[in-house]
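Notes for the one structure printed next.
Every chain is numbered from 1 and lettered A, B, ... according to where its sequence line falls, protein lines coming before strand lines. Note: hydrogens, waters and symmetry copies are ignored here, and every other heavy atom, side chains too, is used.
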Amino acid sequence: MPGSRSHLPATGDADALLRLVAACRAPAHLASLRAAHARLLLLLHPSHPSAAPARVKLIQAYAACSALPAAHAVLNSLCSPDRGAAATICFNVLIRALTAASLHRDALRLFASMRPRGSACFPDHYTYPLVLKSCAASKDLQLGLQIHSAVAKLGLDANRYVAHSAISMYARCGCPEDAHRVFDGMQNRDVVSWNAMISGFARVGLFERAVDVFKEFVALPYSIPDAGTIASILPAMGNAKAEDIVLVRKAFNEMQLKELISWNAMLAIYANNGYHVKAVGLFLKMEKDGVEPDSMTVATVLPPCGELSTFSAGKRIHEIIKKKGMLPNLLLENALTDMYASCGSLKDARNVFDSMSARDVISWTSIISAYGKHGHGREAVDLFEKMLGLGLEPDSIAFVAVLAACSHAGLLDVGKRYFDSMTCRYHITPKAEHYTCMVDLLGRAGCIGEAYDFIMTMPIEPNERVWGALLQACRIHSNMDVGLVAADSLFRLVPEQTGYYVLLSNMYARAGRWADVTSVRNAMANKGIKKLPGASIVELGDQVHTFHIGDRCHPQSEMIYQKLDELLGRIRGMGYNPEVDATLHDVEEEDKERHLSVHSEKLAIAFLLINTSPGTPIRVAMNLRTCGDCHLAAKLISTITSREIILKDSNRIHHIVQGGCSCGDYW
DNA sequence: ATAGGGTTAG
């Protein structure tokens, strides 16, 4: 009978249409979605059992196609107040679509509109987690409290999903203790309960408590941390204890299913704590295990590549980024610019920067600091001016970059002007980094007195880097009087920081203050654990090699020392005399020289000379400032071997070609 | 047919 066909719809057709609807996930599919929607209206009578699920699918599809008004329209077509449960689901789905699009205010508005609609449409245990999350995202504690008390009245607070979103809401609204109360009151906790609590403490800065909860969790007999656990603890691991990082790594290792986010979080923990070798190593392991990186992975691992100057790894990551079609992506392009600059390839950094379709202050800061680190202060200043010309507002870090560029290139007046404009014109309160740049700039330009006065008039307490910059300047300009003041301040301020040890003890030794020399030594012996050992790092193939002073543990040790002997012998004939002054006073003259000759930079250079073919540039990354002796030796070695040597130290990059360094020996 | 925790650049 022809007339009855429309009342007995062919469910097969409807199913096919619903599959089509579900496949519409992008704005480009909107036309077919509308067509399918129209057909469905003809096919499915509102009372048909498939009509409710169809509505849900339509709302989801319209939301996925960024057609939120259409999704709303589907919801509004639900007018009869008697289909309570089905209506609630539709509301839930649309609220979910809104939260997914970060439209939290809209989600909360829609939630508020549920009640007057009709007695049968109640928010349920699916709705509350969504709206509590929106409260958290919009930091609406008032509404969050209201909703949580409504939840309690309904007895829904026993639901884990609800409890977890309540924990998160309280923490993100600045009430971590209330979050903890909810967590404490939970009868049955699962891994997400713990994650919610860890993250709750971590994201409000209660790092120790976050770590304590993490430890308590992993110590439970049958706990199984997941990717969310690693990601939750991440913000609390900014300045983490080594043993805590080991604990996190252990949890990571024991995870049977390593989701991408856990790799990314583990990488970030290494990267944020200066474990650059481990970060790059973990990335290499990802590649080996066939884990496909995403843009977060590469954004996280590029800075460690820069730190280590692992140019090949960095270039390979750039290839991955291009191959996966991740560009254009401002974040990644900024990270790439910085990585290349940090690896000593100003050309590649500039290429990335030039190829960008949009640039923000971070992009400009990256390229300015790139030129600055290479000693090209003029270019850095020109780029800074160009940025200003484009109407971009420099921030605190942009000023650090340009001030550092001025100090690296000795642009005294320009630097002073920028410092003044930062405070007067841009109303940026200078921080310790800015003061350090200025002291460095003044001091190394020879204005020691002015640098000292500058410190004295600083509105904030000068830290060890500020005094350290002054001490450096005093060493360069042999200013004993101010140097001793700086040394005293440093020793008082950070007796445990042995990075300044050599500078300090030299200053005291030159002044004949042997008792103070002894104090420095003792302080170091007592608290010597904090000593940052000088290390030089090089990349060979996909391996990272680390060298320490006098290191003999490398398998090629024998050859390296032979090569070094040969090199030092040859450059000695060219006027190289070990600068004994840079080392400790009470070591025998001959020992001093031997000490200098086995500095990690020299070992690293010899190692690469042995293992790379002629003409290959030598890249070495060092975690301290390189000493004058190594700098001179590197220049001469570059001449006799005809190799480019790119030596990055903790402060800047030395690009050495045929005996000349880009720093112009001003460093 | 729907819900919780969680990552990236100077």
Side-chain angles (χ1 to χ4, degrees), chain A residues 18 22 49-60 85-86 88-97 99 123-133 136 156 159-169 171-172 179 183 190-200 202-203 225-235 259-269 271-272 293-303 306 326 329-339 341-342 359-370 372 394-401 404:
Chain A
L18 284 176
S50 296
R55 247 191 227 103
V56 169
K57 288 241 180 311
L58 282 166
I59 294 175
Q60 283 174 324
T88 298
I89 294 175
C90 285
F91 271 96
N92 292 347
V93 168
L94 188 52
I95 291 174
R96 160 81 198 159
T99 57
D124 64 3
H125 52 296
Y126 282 77
T127 321
Y128 289 113
L130 290 167
V131 292
L132 283 170
K133 186 182 186 166
L156 285 177
N159 180 291
R160 270 209 289 259
Y161 289 82
V162 175
H164 298 158
S165 53
I167 291 171
S168 173
M169 182 276 293
R172 291 175 66 180
F183 176 77
D190 66 6
V191 57
V192 179
S193 324
W194 288 91
N195 294 351
M197 196 64 252
I198 292 167
S199 141
R203 65 186 313 154
D226 68 1
T229 317
I230 313 284
S232 299
I233 195 68
L234 170 57
E259 293 168 63
L260 186 55
I261 182 172
S262 57
W263 288 94
N264 290 353
M266 196 67 236
L267 276 175
I269 289 174
N272 297 340
D294 67 359
S295 60
M296 284 210 191
T297 316
V298 292
T300 308
V301 78
L302 280 172
M326 292 176 178
N329 176 325
L330 193 57
L331 205 110
L332 288 184
E333 289 161 315
N334 291 346
L336 281 168
T337 304
D338 201 56
M339 180 278 294
S342 223
R359 302 179 189 90
D360 63 2
V361 177
I362 298 182
S363 324
W364 286 93
T365 304
S366 300
I367 197 71
I368 290 163
S369 116
D395 63 8
S396 173
I397 305 177
F399 273 107
V400 173

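- Of the candidates dG6(B), dA1(B), dG10(B), dA1(B) carries the atom nearest the Ala86(A) side chain, counting heavy atoms from C-beta on.
- As rounded to whole Å, 9 Å separates atom C1' of dG4(B) from atom CD1 of Ile167(A).
- Atoms CG (Leu332(A)) and C1' (dA9(B)) sit 8 Å apart, rounded to a whole Å.
- One can place CG of Leu330(A) at 16 Å from P of dT8(B), the figure rounded to the nearest angstrom.
- For Arg160(A), the salt bridge (Lys or Arg N to Asp or Glu O under 4.0 Å) partners at least two apart in sequence or on another chain are Asp190(A).
- No N or O donor and acceptor, one from the side chain of Asp360(A) and one from the base of dG10(B), sit under 3.5 Å apart.
- Nucleotide dT2(B) holds its P atom 12 Å from the OH atom of Tyr161(A), rounded to whole Å.
- Residue Lys57(A) places its side chain closer to dA1(B) than to any other of dA1(B), dG6(B), dG4(B).
- Remark: the backbone N or O of His164(A) is not paired with any side-chain donor or acceptor of Ser168(A) at under 3.5 angstrom.
- For Thr365(A) against dG10(B), a side-chain-to-base donor-acceptor contact under 3.5 Å is present.
- Between Arg172(A) and the phosphate of dG4(B), there is no side-chain N or O to OP1/OP2 separation shorter than 4.0 Å.
- Considering OG of Ser165(A) and CG of Leu132(A), their distance stands at 4.0 Å, rounded to 0.5 Å.
- Residue Arg160(A) has no polar side-chain atom (N or O) positioned under 4.0 Å from OP1 or OP2 of dA3(B).
- When the P atom of dA3(B) is taken as reference, atom CD1 of Ile59(A) falls 12 Å away, rounded to whole Å.
- Thr127(A) is linked by a side chain to side chain donor-acceptor pair (under 3.5 Å) to Asn92(A), Asp124(A), counting only residues two or more places apart in sequence or in another chain.
- The side chain of Ala398(A) has dG10(B) as its nearest neighbour among dG10(B), dA9(B), dT2(B).
- Within the 4.0 Å cut-off from OP1 or OP2 of dG6(B), at least one side-chain nitrogen or oxygen of Ser199(A) is found.
- Checking dA9(B), dG6(B), dG4(B) against every side-chain atom of Ala227(A), the shortest atom distance belongs to dG6(B).
- No hydrogens or angles were tested; on distance alone, nothing pairs the side chain of Asn159(A) with the base of dG4(B) as donor and acceptor under 3.5 Å.
- Proximity of Arg55(A) to the phosphate of dA1(B): no side-chain N or O atom is located under 4.0 Å from OP1 or OP2.
- Separating the CE atom of Met169(A) from the C1' atom of dG4(B) is a distance of 13 Å, rounded to the nearest angstrom.
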